Structure formats: structure tokens, C-alpha cells
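Have a look at the structure below, then the notes.
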There are 2 protein chains.
Amino acid sequence: MKPRPRSGDRGTSSHILDIAEGLVQSRGFNGFSYADIAAALAISKPALYYHFPSKAELGVALIRRYEQRFFDALSAIGDRDAPARLERYASLYAGVLREGRMCLCGMLAAEYSTLSEPMQQSVIHFSDRNEEWLSGVLTQGQRERTLAFAGTPRERAHMIISCLEGAMLVARLYGDVDMFQTTASSLLAGLSTSAG
Amino acid sequence: MKPRPRSGDRGTSSHILDIAEGLVQSRGFNGFSYADIAAALAISKPALYYHFPSKAELGVALIRRYEQRFFDALSAIGDRDAPARLERYASLYAGVLREGRMCLCGMLAAEYSTLSEPMQQSVIHFSDRNEEWLSGVLTQGQRERTLAFAGTPRERAHMIISCLEGAMLVARLYGDVDMFQTTASSLLAGLSTSAG
DNA sequence: GTCTATAGGCAGATAGAC
DNA sequence: GTCTATCTGCCTATAGAC
């Protein structure tokens, strides 16, 4: 019997994921341990194992929740013209960076070869879905004639995601969010037509 | 007295760095241990400590050597017009990726917050120098009228490096070097003038 | 320069009480 | 669900022989 969490109390599992998420995004999956989470929550290490029986399973749960929230945020962008959706899309990344964090998926991409197979699959799944969503926006832009670019929407989506990830990686190195904004803006500016 | 290494024998320190470099570029600095290097060289762990008294000092030596070689490779690009130099520059990244590796500097950028302060400084130093070199090429291109772009050469250099790093990160996820080539090409294509 | 042996700590993970 | 106690193994690093 799982007790239903009271409103405002999302339960211990949720709090564990909150802490773990921040640790992965700032230090990487190989850069923290259960002891770090336990300390942050003032709880014992074995208590964590009740909720997540292994670090790898915690990792999978982490990606799944992040994915859920990320695509909820994309849905919340709503119906706008493509350039406006792109701008909101980029601002999601900027928000993460402003907290001194790397994109979860980008961080795990760096550590990819050290991850368990289920975690690797989860990273790929997230990445594929992200590219698919962005590709849809680019296709919309072509249809609307608000966006113009060489190559397929898929290729362009891949390029934009790659550049945003890289821009986060490097901007975080210098603790300079403005650097990211400059790169993101000039990346997207090149796509807009005068019709937009 | 350090014995002079015979030609072709660059010494144990050098071999240690070779292995460590590959490990960092594929697994990250937090993703390998002295035991991995020892196993690869069929040598004991304490022997490694004779050459590098701590993992952090090995890390600094690693960055320094990588930097030396990288900028030697940039010098070897020689005097050409800016677009040609850019193309060779991007192909250096592609070569690393082809070995299934991430750029050393990009990998360490992801793990930045977990690195010792000397390692952090070394990463920044490398990154600054890289940006400076690329910025010089972009300035040359403006002078020659072979390149045209919005913003300052510095900003553009920063953007190009960011995008190349991100493109490596994501391409490595899918084990697809062509993806990187496509992104790199379209990134550089946008800079060339018809004069070039 | 390289070895064997080992210290001391922290990692991921389990047992069993409450 | 959470605790204390504990296991095993690996990590970084050192001591001291050859």
C-alpha cells in the first residue's frame, strides 16, 4: 500500500530525484554518490535504496521524470508561429543554465559510455523525441514561410540541438549566461525569413 | 638523472599519458582510475605514482600535452585563406570523433565543477587559446573578404567552438560521424562569401 | 623505475530491527 | 519507510624492498 502523498508533499522519492537531478546536472552521474543525496536530505543511505534499489535505476527514473517535465514544458509553449516557438525553446535551455546546470541529457551524453544499458537507451529516447519535436517546429516554419534553411528539418533540428548543448557546455565553463544567449540568438536569427 | 629516451621510445610517462588521454576522452576524468591505466600498460599501480604523484597532477599534465599538440596541429594548417583554414580546423575535431572520442576540453568542461583548481585553470587556458586562434582566422577572413558574419570575431569564434563541441557530443551519442560533418559544414558554409 | 604489500576511505549495496 | 550496522570491493595514495 503506497500512502497517497498529501498535496504539497510529493513524497520522499520525489525529493530524492530533485537532489539527484541537480547533482547530475552540475557534477555528472559519476560525480556524486548516494551519500551526497542522503546528506542533502538528512536521511540515511539505506533509506534511498528503499526507493531506488540501485544507482542505475535511480538514473533511469531521473531521465524519465526529466523527459516528462521537459516535454510538458514544450507542450506549454502552445500554438505560435515557428520563430516564437524556437525562441521559447531556446529559453528553456537558458533557464537551466542560469541555475549553473548543464542539460541533463547533454551531461549524460558526455558520460554515455560509462552508463548502464537502460540508462543509455533512456538518453537516446529523450534525444530522439527532442529532435522530433524540434523538427516539427522547423517543418511548420517552412510551411508558414517564417523559416528558411538548407537541408532537411531533421538535419537542422539536429544541428540546433547540438549547438545549444555545446553552447551550454562552454558557457557554463565561464559562468557566463550571456554568452549562451548570444550564440542561441545568432543561431536562430539565421533561420528567420523577413516574412516572420 | 633522467635517462634520455631512445628514439621511438618516448618513455613510460608518455605511454601513461597516451592511455589516460584515451580514457578521459571516452569515459571522462571521473570514469577511469589508475587501475585502468595500469592494466592497459601491464604495469603496477604504484609505478604510475612515480611518474604522476596524484590523479589531479596527471590531469594537468594531460591537458598541457594535449594543448601543445593541438596548437602544433593548428600551426601545421599553415598560411591559407580563412575558409580553407576553417575547414582544416573542423577536420581536426572530426578526426578525434572518428576514434569514438570526445574533445578532451569538452569532456572536462562537462565535469568542470568536480575538477581540482589547477585542472580547471588548465581547461580555461586551453579554451581561451583556442578561441583566440579561431578569432584570428575569422579576422583574417574579414580582411580578405572571404568571410562575412554578424557580431565580433570573438563572439563568432565562441559560437563556432560551442557548436563544434556540441556536435561532437551528440554525434558520439549516435556513433555517427556523418552527423558531425553535416553540422560542421552547414556551420561554416554560412560564413563564406562568394569571393572566397 | 618498478615491484609487493598495505593503509584508509568511500563507493554501491544488503541484513535485520523498529 | 527509515534506521544502525555491516559487507565487499575499489579508489587514491604511501612504505619500503629490489
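For clarity, every value in this text was computed on a predicted model and none was experimentally measured. Just so it is clear: chains get the letters A, B, ... in the order the sequence lines come, proteins before strands, and each one is counted from 1.
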Nucleotide [N], atom [atom2] - distance to [atom1] of [X] in whole Å:
X	N	atom1	atom2	answer
Leu23(A)	dG12(C)	CG	P	11 Å
Leu115(B)	dT12(D)	CG	C1'	16 Å
Ile37(A)	dA13(C)	CD1	C1'	14 Å
Leu48(B)	dC3(C)	CG	C1'	12 Å
Phe29(B)	dC11(D)	CZ	P	14 Å
Asn30(A)	dC10(D)	CG	P	16 Å
Asp36(B)	dT12(D)	CG	C1'	13 Å
Tyr49(A)	dT6(D)	OH	P	18 Å

Check every atom of [options] against the side chain of [X] and return the nucleotide holding the closest atom.
X	options	answer
Pro46(A)	dT12(D), dG12(C), dA5(D)	dA5(D)
Lys45(A)	dC3(D), dG12(C), dA15(D)	dG12(C)
Ala35(A)	dA5(C), dA11(C), dT2(C)	dA11(C)

Aromatic contact, Phe70(A) with Phe126(A) (centres under 6.0 Å):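 Here the rings of Phe126(A) and Phe70(A) have centres that are less than 6.0 Å from each other.
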
Can you see if the side chain of [X] gets near the phosphate of [N] - specifically, an N or O under 4.0 Å from OP1 or OP2?
X	N	answer
Ser44(B)	dT4(C)	no
Tyr50(B)	dG1(C)	yes
Ser33(B)	dC11(D)	yes
Ser54(B)	dT12(D)	no

Under 3.5 Å, is there a donor-acceptor pair linking the side chains of Tyr50(B) and Thr12(B)? no

Could you tell me whether the side chains of Tyr49(A) and Ser54(A) share a donor-acceptor contact shorter than 3.5 Å?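 No donor-acceptor contact under 3.5 Å links the two side chains.
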
Within 45° of the axis and under 6.0 Å from the centre of the six-membered ring of Tyr112(B), does NZ or CZ of Arg172(A) qualify? no

Residue pair Phe180(B) / Leu97(B): nearest heavy atoms and the distance that separates them: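 Phe180(B) and Leu97(B) have their closest heavy atoms at CB-CD2, 3.3 Å.
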
